[in-house]
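Single-structure report; data block below.
Start at 1 and go down the list; that is how both ligands and their atoms are numbered. The model shown is predicted, which means the values in this text are computed figures rather than measured ones.
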Amino acid sequence: MANPTKTLTKNSPLPALDAGATRLYSMRFCPFAHRASLVLAHKGVQYETLNIHLGNKPEWFQEKNPNGEVPVLETDGNIVYDSLVVAEYLDQVYKKSPLIPDDPLRKAHDAMIINYNGSKFVPNYYKILGSKGTEEEPITAMMTALEKLEDFLAARKSTFSEGDKPAFIDFMIWPWHERLPSLKKFEQVDVSLKKFPSLKKWYAAMIEVPAVKTCGFSVEMHDKFNIAWKGGDPDAFDVGLDQ
Ligand SMILES: N[C@@H](CCC(=O)N[C@@H](CS)C(=O)NCC(=O)O)C(=O)O
């Protein structure tokens, strides 16, 4: 299981960080933080994780990120936050197994898809998760976003976005796709991907990627978190850890 430490809360002291060590401020079920941990795992970076209770944040956390959000990366007092910024920064600092293509046009096209996913798929995912009954509008909008991703992957004519190995886009959009099957618990969403053969192939390949295996959770665990979070359980962020 990824990041098996309990969340720090309002009065938790800030643990010291050794010189040269890298720390990720996270929350085990946060898909944005998941982006950062995927890149760290893919690059084989040694790092420690501090999980933050997002409903009762440590007093010092605002100083790490004025937005009050995870993920935040810290090394020797240098702070980087915002998942896409963190992921791109990591790709530039750790040259091993590069993720972002060198070609500026390719890089621009990839960024457009990541942004599309961020503005069309991600918000509808949350609308569906947060909705009370069967609401058609976000489901239709999410299916349209999936169609666009299907067309994108089909046009690339490869299993992953850049060939036979996962690249930047794959890791940046994966966290919500890992969580997609969990929506079935909450809404009548067809998560079988049968209408999306390229996405289905991509999904099957992604779950075999070592970084995905290291950082991910099972559908059952996402279900448990989603149920606890939706139900307002104050211990939702620590679901699956010994109380
Ligand atoms: N744009 C940010 C979004 C991060 C984000 O929304 N993180 C959520 C957890 S999944 C968070 O920290 N929420 C705390 C809050 O809003 O108070 C990123 O890409 O890193």
Side-chain angles (χ1 to χ4, degrees), residues 2-3 5-12 14 22-42 47 49-75 78-93 99-100 110-130 145 168-180 182-183 186 215-217 221-241:
N3 307 340
T5 61
K6 279 196 171 185
T7 50
L8 300 178
T9 55
K10 191 168 192 298
N11 295 318
S12 304
L14 173 61
T22 295
R23 172 182 283 169
L24 181 69
Y25 298 87
S26 186
M27 189 283 278
R28 290 161 51 247
F29 298 97
C30 170
F32 298 95
H34 193 176
R35 283 174 159 170
S37 54
L38 284 167
V39 178
L40 286 160
H42 172 77
Y47 69 103
T49 304
L50 286 190
N51 287 311
I52 303 298
H53 193 298
L54 299 178
N56 185 22
K57 297 170 197 161
E59 279 167 357
W60 43 259
F61 187 61
Q62 202 69 14
E63 282 164 37
K64 303 293 176 192
N65 179 355
N67 300 317
E69 294 171 338
V70 294
V72 178
L73 192 75
E74 180 172 6
T75 309
N78 294 313
I79 298 273
V80 182
Y81 54 79
D82 258 336
S83 57
L84 289 175
V85 180
V86 170
E88 184 166 351
Y89 169 79
L90 288 170
D91 195 44
Q92 284 173 344
V93 171
L99 289 168
I100 299 176
D110 287 4
M112 280 149 42
I113 291 294
I114 294 170
N115 288 346
Y116 179 84
N117 185 73
S119 63
K120 303 289 185 216
F121 182 81
V122 172
N124 286 303
Y125 169 87
Y126 287 112
K127 270 192 200 164
I128 295 167
L129 189 62
F168 199 64
I169 304 189
D170 303 294
F171 285 137
M172 293 305 101
I173 69 174
W174 172 251
W176 291 272
H177 290 270
E178 182 178 295
R179 287 155 177 78
L180 188 60
S182 182
L183 285 186
F186 305 95
C215 305
F217 282 116
M221 191 55 98
H222 284 301
D223 285 349
K224 277 188 187 165
F225 169 71
N226 284 334
I227 289 166
W229 179 74
K230 252 190 103 144
D233 179 350
D235 295 325
F237 302 120
D238 288 328
V239 154
L241 301 178

If we number the atoms of ligand 1 from 1 as shown, the ones under 4.0 Å from a heavy atom of Pro71 are 20 (O)

The atoms of ligand 1 lying under 4.0 Å from a heavy atom of Leu54, numbered in the order shown, are 9 (C), 11 (C), 12 (O)

Kindly say whether Lys120 contributes a backbone atom to a donor-acceptor pair with the side chain of Asn124 at under 3.5 angstrom?
yes

### Task
Look only at the side chain of Lys64 and the backbone of Val72, and say whether a donor-acceptor pair between them is shorter than 3.5 Å.
no

Protein contact of [atom] - nearest heavy atom, named by residue and atom, plus distance:
atom                    : result
atom 10 (S) of ligand 1 : Cys30 SG, 2.7 Å
atom 14 (C) of ligand 1 : Gly68 O, 3.6 Å
atom 16 (O) of ligand 1 : Glu69 CG, 4.1 Å
atom 1 (N) of ligand 1  : Asp82 OD1, 3.1 Å
atom 15 (C) of ligand 1 : Lys57 NZ, 3.5 Å
atom 19 (O) of ligand 1 : Ser83 OG, 2.6 Å
atom 12 (O) of ligand 1 : Val70 N, 2.9 Å

Exercise for the section: Consider every N or O of Arg35 and every N or O of ligand 1, then say whether any pair is closer than 3.5 Å. Expected result: no

The residue among Leu73, Ile52, Leu50, Asn51 that forms side chain to side chain contact (heavy atoms under 4.5 Å, CB included) with Ser26 is Asn51

Looking only at non-hydrogen atoms, find the nearest pair between [X] and [Y] and report the distance.
X      : Y      : value
Asp223 : Ser182 : OD1-OG, 2.6 Å
Pro234 : His53  : O-NE2, 2.8 Å
Val70  : Phe32  : O-CB, 4.3 Å

Note: Met27, heavy atoms under 4.0 Å from ligand 1, region reported as neither

One should read off an interatomic distance between Thr49 OG1 and Met27 CE, to the nearest 0.5 angstrom, of 13.0 Å

Please report whether the ring centroid of Phe217 lies less than 6.0 Å from that of Phe29. yes

